[in-house]
> 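To start, I am sharing the structure in question, which I have written as structure tokens.
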Protein chains: 2
Amino acid sequence: MVEKVTSLDVARLAKVSQSAVSRVFSGASASKATIAKVRAAADQLGYRPNTLARAMITGKSRMIGLVVAYLDNQFYPVALERLSNALQAEGYHVLVFMASNATDNVEPIVQELMDYQVEGIVFASVSISSDLTERCASAGIPVVLFNRGQDGLGLSSVTSANIDGGRQVAEFFVAGGHRRIAHIAGWQGSSTGRDRALGFRQGLKAAGVPLLAEIDGMYSREAAQSAARVLMARSDPPDAIFVGNDHMAFAVMDTLRSELGLSVPNDVSVVGYDDVPLASWDAYSLTSVRQPMNRMVEATVDTLLGQIADRDRPAQKVEIAGPLIVRASARIPEGWKT
Amino acid sequence: MVEKVTSLDVARLAKVSQSAVSRVFSGASASKATIAKVRAAADQLGYRPNTLARAMITGKSRMIGLVVAYLDNQFYPVALERLSNALQAEGYHVLVFMASNATDNVEPIVQELMDYQVEGIVFASVSISSDLTERCASAGIPVVLFNRGQDGLGLSSVTSANIDGGRQVAEFFVAGGHRRIAHIAGWQGSSTGRDRALGFRQGLKAAGVPLLAEIDGMYSREAAQSAARVLMARSDPPDAIFVGNDHMAFAVMDTLRSELGLSVPNDVSVVGYDDVPLASWDAYSLTSVRQPMNRMVEATVDTLLGQIADRDRPAQKVEIAGPLIVRASARIPEGWKT
DNA sequence: AACTGATTTGCATTCGTATGCATTAAAGAG
DNA sequence: CTCTTTAATGCATACGAATGCAAATCAGTT
């Protein structure tokens with residue numbers, strides 16, 4: 001029933017040595033004749049090389065670890081899909097680990113990944129300690145942070161131009177005539193959250209418009225919604241809110257419209273960040289700064305595979321600018337709409 | 001730099017044999033004394049067993065292959081997360097493969113999975129050929145279909161009670177006084193799509209209400225939206241539409257409200273299937289049949305691990321009933337709202 | 001036909017861990 | 001204190017494929 005076909009079986013049937021079979025399947029040199037014989041025998045037996053055994057000897061498992069935190073944010077499933085496909089195209093495969101929330105359970109996860117001899121690790125919006133960075137480095141495992149940067153530790157990272165993105169939103173609001181502007185920020189423990197907020201403040205400052213208020217939305221629906229309630233309960237409520245990512249922006253729009261009975265964008269303009277597919281759906285039609293997913297994935301794969309191929313290639317921080325996608329959730333300044 | 005620590009290194013430092021080290025880490029019998037020595041030496045060197053080498057000899061890779069098709073439907077990221085966590089808790093890990101759309105590329109994917117020596121495979125909403133089923137069987141790899149059934153091939157599957165769910169919706173519509181009822185069905189090439197439609201038609205028939213029209217929405221936003229347009233362009237447009245899953249239902253609501261300027265549920269009631277998180281967001285507030293994700297995942301893991309532990313355990317088809325979650329997208333019959 | 005150089009091929013070993021078997025140490029019985 | 005039983009340990013081998021090395025085959029040259 002459970003017929004394990006090994007290279008030796010193929011060798012016997014094809015009347016060649018096991019080495020010959022190995023060479024045929026690993027693309028090493030072999031004569032036309034043997035290749036034909038081996039192929040025929042392999043097909044007959046349904047032989048396929050055992051990736052694990054191959055990994056043992058070559059030291060290359062052709063597996064990449066992917067650690068993801070927020071799978072309820074539509075951005076990450078999409079990223080996962082693209083990353084998986086891109087890596088598959090390069091002959092790598094993805095071992096997925098969930099780092100559900102708690103930062104402290106990322107350590108055992110990385111250990112397990114290393115036990116599986118992954119050749120590299122992608123952290124999607126997960127921060128890691130310098131200790132862990134050190135361990136990966138000394139194990140010779142390249143690491144790339146996706147959609148999150150981290151200073152100090154010499155780690156490669158791929159992000160969008162978050163500061164610039166924040167600034168674009170500020171300019172958009174100001175151009176739209178908004179003067180009571182608030183920010184429900186991405187988690188301030190993350191570089192993306194900080195950078196978007198920083199750029200936004202810079203943009204407002206440059207325009208001479210004060211920031212009415214800023215609340216950390218923690219990348220959570222609940223936190224964002226209560227932030228929205230706090231903001232709108234003020235005596236001088238904002239007429240424009242920049243929300244740190246789309247996932248929170250949807251929550252904010254829900255609260256503004258259903259709970260507070262306000263109109264978006266007539267009463268309040270809302271802008272998000274990420275431009276996930278859902279942002280374009282009519283129920284939200286969210287104006288948002290696009291994270292150029294394809295190029296981010298491309299850069300991630302390039303960086304990772306580059307470091308795998310050349311172990312002591314220096315870490316690189318890639319930052320990719322994305323445009324503001326204008327939809328209906330925020331007042332559109334004159335001249336922005338073509 | 002790349003310091004590979006093997007059990008032999010630990011053995012030397014602890015002054016015991018390599019076997020002793022192996023036994024300590026695989027939980028086999030060993031004296032208190034050696035356990036202590038080995039543990040100490042291992043900690044000092046930072047040793048961890050190589051999962052791949054271990055897999056080679058035991059034949060158990062502790063990896064499960066997961067094949068997913070639609071990652072833009074929120075149901076699947078959630079399923080992925082739950083499955084991954086549940087399997088992690090059992091010491092297994094998930095190798096993810098995308099079966100993006102095309103049915104014919106699922107075959108090479110399964111081959112690759114088998115090359116990695118996965119111990120079992122979960123197909124999430126992916127159908128497989130009898131040929132492929134045969135190959136997995138003869139390779140001794142248990143297979144579970146998640147959220148899809150398939151007749152004929154003796155495959156285990158875990159689904160919700162789709163026929164029953166469809167019937168519930170029919171009864172709900174009828175109780176709500178609807179008489180012009182249509183169905184934008186899930187892909188009729190899938191058991192879930194067929195069963196939901198079947199149950200829905202049965203329910204209507206039992207109530208003596210005719211089905212106005214039924215169109216296959218193919219589980220795609222675009223197809224569902226054009227189906228909605230077709231339905232509403234009739235001279236006798238429906239006043240209630242059962243949509244084969246939430247993902248399509250959102251698209252239908254977008255079209256009804258934004259494009260056709262209709263009110264949901266005043267002009268048309270809409271009910272979906274899955275009860276994904278997004279269904280509860282205020283922008284949609286979609287009435288939907290819940291798929292009991294937790295129990296489905298639990299059943300999937302149980303079935304899979306059961307078959308792994310006991311290779312010739314017969315396949316089982318698990319079907320779990322889920323309730324209709326009543327929200328605001330459909331007219332609520334008297335007495336349903338408590 | 002004999003010799004040189006280039007390919008092929010097979011042999012033997014290796015990767016890191018688990019495990020059957022034989023051996024030794026410890027523990028219990030009398 | 002000896003004999004038996006049980007537990008602990010080490011030795012050697014196995015898992016399945018890749019690869020350095022040497023032997024063998026082939027092609028090409030004169």
Side-chain angles (χ1 to χ4, degrees), chain A residues 2-39 41-42 45-63 91 111-112 114-119 139-140, chain B residues 2-39 41-42 45-63 91 111-112 114-119 139-140:
Chain A
V2 179
E3 23 159 306
K4 310 200 95 184
V5 182
T6 75
S7 59
L8 204 58
D9 298 325
V10 177
R12 274 194 282 261
L13 179 60
K15 296 205 195 336
V16 296
S17 71
Q18 178 270 326
S19 332
V21 178
S22 168
R23 280 189 261 259
V24 169
F25 278 90
S26 56
S29 68
S31 68
K32 304 272 183 194
T34 10
I35 292 182
K37 279 193 294 184
V38 169
R39 282 252 130 79
L45 297 176
Y47 167 78
R48 305 213 87 212
N50 180 325
T51 307
L52 264 40
R54 180 176 277 183
M56 275 242 58
I57 179 116
T58 61
K60 332 214 108 273
S61 65
R62 305 210 71 90
M63 294 195 292
Q111 277 298 356
E112 294 189 65
M114 289 173 54
D115 295 348
Y116 274 95
Q117 313 297 113
V118 296
E119 292 188 54
Chain B
V2 180
E3 22 161 305
K4 311 200 93 184
V5 183
T6 75
S7 58
L8 202 59
D9 298 324
V10 177
R12 274 193 283 260
L13 179 60
K15 295 207 197 339
V16 295
S17 72
Q18 179 268 327
S19 329
V21 179
S22 167
R23 280 190 259 260
V24 169
F25 278 90
S26 56
S29 68
S31 69
K32 305 273 182 192
T34 24
I35 291 182
K37 279 193 294 184
V38 169
R39 281 254 130 77
L45 297 177
Y47 168 78
R48 307 212 88 211
N50 181 327
T51 306
L52 263 42
R54 181 175 277 184
M56 274 240 59
I57 179 117
T58 61
K60 334 215 106 271
S61 64
R62 305 210 70 89
M63 296 194 293
Q111 276 300 356
E112 294 189 65
M114 291 175 51
D115 295 348
Y116 275 95
Q117 313 296 114
V118 296
E119 291 188 53

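Every chain is numbered from 1, with letters handed out A, B, ... down the list of sequences.
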> Rounding to a whole Å, what distance do you find between B:I35:CD1 and D:dA7:C1'?
13 Å
> Step by step, would you call B:K32 with B:I35 a side-chain contact (heavy atoms from CB on, under 4.5 Å)?
CA-CA 5 Å; B:K32 305 273 182 192; B:I35 291 182; 5.8 Å; no
> Looking only at side-chain N and O atoms, does A:T34 come under 4.0 Å of OP1 or OP2 in C:dT8?
no
> When the distance from NZ of B:K4 to C1' of C:dG16 is rounded to whole Å, what number comes out?
9 Å
> Considering all heavy atoms of both residues, which atom of A:R48 and which atom of B:Q111 are nearest to each other, and what is their separation?
CD-OE1, 2.9 Å
> Over all heavy atoms of both residues, which pair between A:S61 and A:T51 is shortest? Give the atoms and the distance, please.
O-CG2, 4.4 Å
> Determine the minimum heavy-atom distance between B:M114 and B:A139, stating which atoms define it.
CE-CB, 3.4 Å
> Calculate the interatomic distance between A:Q18 atom CD and C:dT14 atom P; express it in whole Å.
15 Å
> Could you state the atom-to-atom distance from CG of A:D9 to P of D:dC15 in whole Å?
11 Å
> Check every strand shown and say whether A:V16 touches a base, only sugar-phosphate, or nothing at a heavy-atom separation below 4.0 Å.
sugar-phosphate
> Whole angstroms only, please: what is the CG-C1' distance between A:L8 and C:dA12?
14 Å
> Indicate whether OP1 or OP2 belonging to D:dT9 is found under 4.0 Å from a side-chain N or O atom of B:S31.
yes
> Calculate the interatomic distance between A:R23 atom CZ and C:dT9 atom C1'; express it in whole Å.
6 Å
> Give a yes-or-no answer on whether the side chains of A:S19 and A:S22 include a donor-acceptor pair shorter than 3.5 Å.
no
> Pick base, sugar-phosphate or nothing for B:S22, based on heavy-atom distances below 4.0 Å to the nucleic acid.
base
> Which sits closer to the 5' end of DNA chain D, B:K15 or A:Y47, going by the nucleotide each is nearest to?
B:K15
> Looking only at non-hydrogen atoms, find the nearest pair between B:Y116 and A:R62 and report the distance.
OH-O, 2.8 Å
> Which ones in residues 48-58 of chain B lie close to DNA chain C, meaning a heavy atom under 4.0 Å from one of its atoms?
B:R48, B:P49, B:N50, B:A53, B:R54, B:I57, B:T58
> With axes from five pairs an end, tell me the bend angle of the helix from C:dA1-D:dT30 to C:dG30-D:dC1, nearest 10°.
30°
> How long is the line joining NZ of A:K60 and C1' of D:dT19, in whole Å?
16 Å
> Hey, could you give me the CG/CD distance between A:D9 and A:Q18, rounded to the nearest 0.5 Å?
11.0 Å
> I need the CZ-P distance between A:R12 and D:dG16, as an integer number of Å.
11 Å
> How close do A:F25 and A:V38 get, counting heavy atoms only, and between which atoms?
CE1-CG1, 3.9 Å
> Between A:V10 and A:V5, what is the shortest heavy-atom contact and its length?
CG2-CG1, 4.3 Å
> Is any side-chain N or O of A:S19 under 3.5 Å from a base N or O of C:dC11, one able to act as donor and the other as acceptor?
yes
> Looking at A:S17, I'd like to know whether one of its side-chain N or O atoms comes within less than 4.0 Å of OP1 or OP2 on C:dG10.
yes
> OP1 or OP2 of D:dA17 sitting under 4.0 Å from any side-chain N/O of A:S7?
yes
> Looking at B:E119 and B:K60, is any side-chain nitrogen of the basic one under 4.0 Å from a carboxylate oxygen of the acidic one?
yes
